[in-house]
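Taking it in order: structure first as structure tokens, then the write-up.
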2 protein chains.
Amino acid sequence: MQKNGRTVNNREIERKFLLRRVPDTLKRSRCYNIEQGYLATESAGRQVRLRKRGHSASLTFKVGRGSHREEREIKLTPKQFAVLWPGTAGRRLRKVRYEVPWDNVMIEVDIYRGRHAGLVVAEVEFPDSASCRRFKAPWWFGREVTGEKRYSNVRLALT
Amino acid sequence: MQKNGRTVNNREIERKFLLRRVPDTLKRSRCYNIEQGYLATESAGRQVRLRKRGHSASLTFKVGRGSHREEREIKLTPKQFAVLWPGTAGRRLRKVRYEVPWDNVMIEVDIYRGRHAGLVVAEVEFPDSASCRRFKAPWWFGREVTGEKRYSNVRLALT
């Protein structure tokens, strides 16, 4: 997960849910387009992802599965991004992300476009394991799909 | 193959040989230390490599096998490199590279260090397929190992 362009270098603790319905607050939420693609992926969730979020570009390395993953991210200049992006051909996806504040966390609602239009998921990131376990999902969340390969972005981009 | 820090964005045409013996000209050749590691690798030669060559750092995406490969490379700032490098732990190698001019080409002689000390290979890059086929190896070259997985840098870094 990208933190507003900051360089991130640590463990991410995150849960993912399908959405039962889209909350009314969505219209008032900040949103932006995301386009991302994968240069290379391995089993065990090891991957190198390129992402363009609005006008900001990044390269992210992730490894690990489930709710706890290691993540390393750098910002890319437009030129660096342009050089690498063609390497993700056939391994891309597009979505619109809404940032919905909820209790003490930020819920990211992703509405997929293109081949996966119709899929809507929510991701919640936590500062520590305790808050991750304690999280009470809002009523508009559906089934939890944390760690389910079928809903991983890598899988969606490759299939 | 890194071209003296230039950003490279195209097909690379390259052959690789074991070295029968080290040429006398090696002592007079330009040389530098290379340390590289792999963030992720797939079959079909798809890989994302980080490399430090002297004080210059780069990230390279490659795909394809054998003498013809697609390659995309960007320079990294020291800070970008420092963020990503820990992701290559356990997937690294070190070598000293000598640049030996020969006829109209530059031969790169790589003397491996660490776990693979004793291995010495030469790589030659060509501007086109015709010069690649026509190349006459110098007498101090040994067997050609172009495309042999055993001598790929990825394989050497992972084993």
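Order of the sequence lines fixes the chain letters, A, B, ..., with proteins taken first and strands second; residue numbering starts at 1 for each chain. Since the model is a prediction, treat every value here as computed from it, not as a measurement.
Heavy atoms only, all atoms of each residue included: B:V83 and A:R72 are closest at O-NH1, 3.1 Å. Between B:G87 and A:R46, the shortest heavy-atom contact is O-NH1, 3.2 Å.
Taking a 6.0 Å sphere around CG of A:N104, one finds it holds 12 or fewer heavy atoms contributed by other residues, nucleotides or ligands. More than 12 heavy atoms of other residues, nucleotides or ligands sit less than 6.0 Å from atom CZ of A:R92.
Taking CZ of A:F61 as the start and CG of B:L84 as the end, the distance is 8.5 Å to the nearest 0.5 Å.
Using a 4.5 Å cut-off between side-chain heavy atoms of Ile, Leu, Val, Met, Phe, Trp and Tyr, with links allowed through other members, A:Y98 and A:F141 fall into the same hydrophobic cluster. By the rule that hydrophobic residues join a cluster once side-chain heavy atoms approach within less than 4.5 Å of another member, B:Y112 and B:W140 end up as members of separate clusters. Residues A:V124 and A:I111 share a single hydrophobic cluster, defined by chaining ILVMFWY side chains whose heavy atoms lie under 4.5 Å apart. Linking ILVMFWY side-chain heavy atoms closer than 4.5 Å, directly or via other members, places B:L50 and A:V63 in a single hydrophobic cluster.
No part of B:F81 comes within reach of chain A, as not one of its non-hydrogen atoms sits under 4.5 angstrom from that chain. Contact of B:T41 with chain A is made through backbone and side chain together, with heavy-atom distances under 4.5 Å.
By the 4.5 Å heavy-atom criterion applied to side chains, A:K75 and B:Q80 are not counted as neighbours. With a 4.5 Å cut-off on side-chain heavy atoms, A:I74 and B:L76 count as touching.
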